[in-house]
Amino acid sequence: MDLEACLSGVGQLEDNSASGGREEGDCVQPAPGIGSAGQWLLLPLPHVTELLAEQSGEVALLAVVCRDFWRRLWDTAEGWQLRTPCVALHANSDPKCIQKIHLGSVRHLSVRDSPAVLGERSVLLERFLTSALALRHLQLSFLGSSLQSLWISLLECMANALQVKSLPLQVFRLDGMIFPAAAAHALGDAIGACCSTLREVSIDFADTSGEGPLDDARLWAGFALVEQLKGLHLAGLRTSASTCHGLTQILRRCSKTLRSLRLGNGVAESMVAPPSVLEVEPAVAATQVALLVSPEFQELLSAGEPLQLHTLALSGLKAPLAAGQGVGLSPHTANLAALLEAAVLLSGPLTSLDISQNLAIAAAPLVSPSGVTSGEAALHHILEACASLTALDVSHTGFCILELSPVLAAHGATLLELRLEGCSIAADVGPHGERRVSKLAAALGQCEHLQVLELGELGIVPALRRPLQVLLQRCAPTLRCLRGTLPLATLELGLSSLFSTGTCRDGGAKQLVDLEVGLTGLGCACQKQRYHGVVEVLNANIGTLQRLRLRAHFGDHWSAALVQAVRGARLIELALEGCGLGPNTARYLHGVMSHNEAWPLQHLALSYNPLGEAVLPLLAAFRTRQRLQKLGLRDCELPAAAAGSALGRLIVALPALIDLDLQENSSLGEVGIRAFLEAALCEWGRQEQSIRSRALGSIALPGHVHLHGSVASEAEASVPKCLGRFKLAL
């Protein structure tokens, strides 16, 4: 991003002082004389801050450009500090950039895998929390596997800072992979410290460390103090049997304000198993307890009756296990049935419903007063009770797609997001379809405004190819995210414009942001023209495309054409694994990465392509890609000494790199690994001290270099376990 681009834009004059303060995205009023006829130059401050985070040396130039209205932008009490409501720190952010920001003006702080807050004792995060007195939105996201051990220190630092000086925090979000069990106390203390202002809490992890449940007494105690909660998202926390009571306290205090409730794996499972259920002997469950809802769960249901939810997510529920650990009636069968019945009652006003990852309970037997006998039937009742959905996620529920026709027909006109990955189709449906397929095609044809579509493997089912092609044709003008496996012809005909298909429809896809597709039906002579159509589709979306992940063997020629088609895009993620890339494609990639307006890539995956020596110029070009976090070169036939030296220099030059996959490159061998180690040490010795600290110092991001299958077993003993901030995994 260049400085001129940041300063572009024209808008109407807005006076912050007169309005008493504005929210994120505020316009800045310049001094008189900047514009005329009521038109004023507006400075998009979040983008300027992102620029400073990458190039802190631009501050002086920015001060010159903004000299005519510097009072609005700069605070000079303690040197030149930029006033900005929004700060985003990424993996490539220089910690020094924080010194150029006036923390008292910050309202929104987003931290994603950033070394700026990962130093010793998280000093910079503590400084933010003690100085950013107007902070309203805090998001911490650490998704790298090597970063999960840092959560404890971060949460303890945050809890201590907030208990000393409370902030008017309204939105608090944590995103990670493994939640540390020891951090539950600190998380509860942090939530309790902001209880008077909190409106949204999102704790989203994949799992919890350790074996048993969390010691979550202080976590629920902190939640019990919050009174005006509007959104609650808890996933991946292996909470204890106190979950039912803790959620009851939240619903009692926030039933009038809560509009979004999302409970994922771990929390959803613990909710239906309160202490009275766990104390029951499994052997007597089927005869004495399976029909009885536990007292604690009855209190939870009673507290949730007044809810008027707009968003509901119940994902990752576990099937009841009967005596002998088989699926059947168990002590919490009645609780599970009661939960699903309560969801039916809450479904009327919903606009967003997520019942994904519930394959386990779809086949589980249930016993309920309403006569529902299976989890699948109960989930279908929830769908049928919804009035007007804009987002629906039924992925990995095992639903037969043909049975969803009534639901899709009812909500097709309003649906913006549809996720069907993991759904099935009846085995007896032939390639030419039947009446149920016709109904499905008619229902899908009504989904004309989809922005997000995830199909999984449904696209390769012969009976569904035509319905899905029609669906893509209808929603292509609005589609922003498409994921799944499709025949090449279906993708090309579904997303192409009027001029390539000759049909009467207009538009085609021109707003794609995220495209992840695996393609079938390649290699036939009759399909060569389809390749050209896909290239045209990509070229039509270069203004919006940010993530491109393709799984198909295009070959070197067409892979090069694909790279050339997206040359002008602002890609942050590119995956071309197993696409048949060769020297020609490598030259095109090198041309893009060497350009001044190269892709701001964070993730790049080129695995399973026979690149060989053609990868060497690419590795040299990657050294300037300061945002790059993940690089995949598995099984790429890397040349030994030359590639090893280039990769060694690369890991020192890229401070944001946390994952380098070099597995299954047997051509590297002991010679290549030795060259890798020597080049890294030499490069580190040549760097300035500031670059050293970010590359291999104490504030550097921990990372992994995966070498399995690239070193002979007899030579593994000579390879060190660590290299600076990187762990070498053999």
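Excluded from the calculations below are hydrogen atoms, water molecules and symmetry mates; all remaining heavy atoms, backbone and side chain alike, are included. Remember, it's a predicted structure, so these values are computed and weren't measured experimentally.
Between L677 and P720, the shortest heavy-atom distance links the atoms CD1-CD, 3.6 Å. The two residues L198 and V171 come nearest to each other via the heavy atoms CD2-N, 4.5 Å. The two atoms that bring L135 and H108 nearest to each other are CD1-N, 3.9 Å, heavy atoms only. Summarising the geometry of L167 relative to L133, their closest heavy-atom pair is CD2-CA, 3.9 Å, with the distance given to 0.1 Å. Considering every non-hydrogen atom in both L219 and A184, the closest pair reads CB-O, 4.1 Å. Nearest heavy atoms, N665 versus C636: OD1-N, 2.8 Å.
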Checklist entry - Can you list the steps and then say if Q546 with I572 is a side-chain contact (heavy atoms from CB on, under 4.5 Å)? => result CA-CA 5 Å; Q546 296 183 13; I572 62 176; 4.1 Å; yes
Checklist entry - What's the verdict on side-chain contact (heavy atoms from CB on, under 4.5 Å) for V563 and L576, showing C-alpha distance, side-chain angles and the deciding distance? => result CA-CA 10 Å; V563 170; L576 299 173; 4.2 Å; yes
Next on the checklist: Before you tell me yes or no, could you show the steps for R218 and I191 under side-chain contact (heavy atoms from CB on, under 4.5 Å), namely the whole-Å CA-CA distance, both residues' side-chain angles and the distance that decides it to 0.1 Å?
Outcome noted: CA-CA 10 Å; R218 282 164 64 176; I191 293 173; over 6 Å; no
Item to check | Criterion side-chain contact (heavy atoms from CB on, under 4.5 Å) on L681 and L723, from CA distance to verdict | outcome: CA-CA 9 Å; L681 294 175; L723 178 63; 4.2 Å; yes
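No side-chain heavy atom of E454 sits under 4.5 Å from any side-chain heavy atom of S395. Side-chain contact between L538 and L562: present, with at least one pair of heavy atoms (C-beta onward) separated by less than 4.5 Å. Residues R551 and E516 meet the side-chain proximity criterion, which asks for heavy atoms closer than 4.5 Å. Under the 4.5 Å side-chain criterion, counting only non-hydrogen atoms from C-beta, R625 is not in contact with L601. Side-chain contact check for V719 versus F676: every heavy-atom pair is 4.5 Å or farther apart. Two residues are said to be in side-chain contact when any heavy atoms from C-beta on lie closer than 4.5 Å; L574 and L589 meet this criterion. Q626 places a side-chain heavy atom less than 4.5 Å from the side chain of P655. The shortest side-chain heavy-atom distance between R549 and R483 falls under the 4.5 Å cut-off.
Going from atom CG of L633 over to atom CD of E577 covers 10.0 Å, rounded to the nearest 0.5 Å. Note that the CG atom of L154 and the OG atom of S149 stand 9.5 Å from one another [nearest 0.5 Å]. L187 contributes atom CG, which lies 7.5 Å from atom CG of L237 (distance to the nearest 0.5 angstrom). Here the CD atom belonging to E683 is positioned 4.0 Å from the CZ atom belonging to R623, to the nearest 0.5 angstrom. A distance of 6.0 Å separates CG in L263 from CG in L234, rounded to the nearest 0.5 Å. Between atom CG of residue D661 and atom NE2 of residue H706 there is a gap of 6.0 Å, rounded to the nearest 0.5 Å.
Each of R173, Q170, H233 was checked for a side chain to side chain donor-acceptor pair (under 3.5 Å) with E200, and the lone residue meeting it is R173. F726 pairs with exactly one of V705, D659, L660 by the side-chain contact (heavy atoms from CB on, under 4.5 Å) rule, that one being V705. Of the candidates N584, T585, N609, D556 forms a side chain to side chain donor-acceptor pair (under 3.5 Å) with just one, namely T585.
Under the 3.5 Å distance criterion, the side-chain polar atoms of S710 are left unmatched by any main-chain donor or acceptor of L668. Although no hydrogens or angles enter the test, the distance criterion places a donor-acceptor pair under 3.5 Å between the side chain of T544 and the main chain of L512. Remark: side-chain polar atoms of Q148 are paired, donor with acceptor, to backbone N or O of G144 under 3.5 angstrom. Under a 3.5 Å cut-off, the side chain of S166 and the backbone N or O of A193 do form a donor-acceptor pair. A donor-acceptor pair is defined here as one N or O able to donate and one able to accept, closer than 3.5 Å; such a pair exists between the side chain of S105 and the backbone of T84. The backbone N or O of A206 sits less than 3.5 Å from a side-chain atom of N265, completing a donor-acceptor pair. With S131 contributing its side chain and L103 its backbone, the two residues share no donor-acceptor pair below 3.5 Å. Checked by atom type and distance alone, the side chain of E613 never pairs as donor or acceptor with a backbone atom of A643 at under 3.5 Å. Looking only at distances, a side-chain donor or acceptor of T208 sits under 3.5 Å from a matching main-chain atom of G236.
Remark: D207 engages R238 in a salt bridge, criterion side-chain N to carboxylate O under 4.0 Å.
Residues meeting the salt bridge (charged side-chain N to carboxylate O under 4.0 Å, His left out) test with R547, sequence neighbours left out: E573.
Side-chain contact check for S240 and D216: at least one donor-acceptor pair (N or O, by modelled atom type) lies under 3.5 Å.
Counting only residues at least two apart or in different chains, side chain to side chain donor-acceptor pair (under 3.5 Å) contacts with residues 639-648 are absent. Residue pairs that meet the ring pair (Phe, Tyr, Trp, His ring centres under 6.0 Å) test with at least one member in residues 570-603, sequence neighbours left out, do not exist here.
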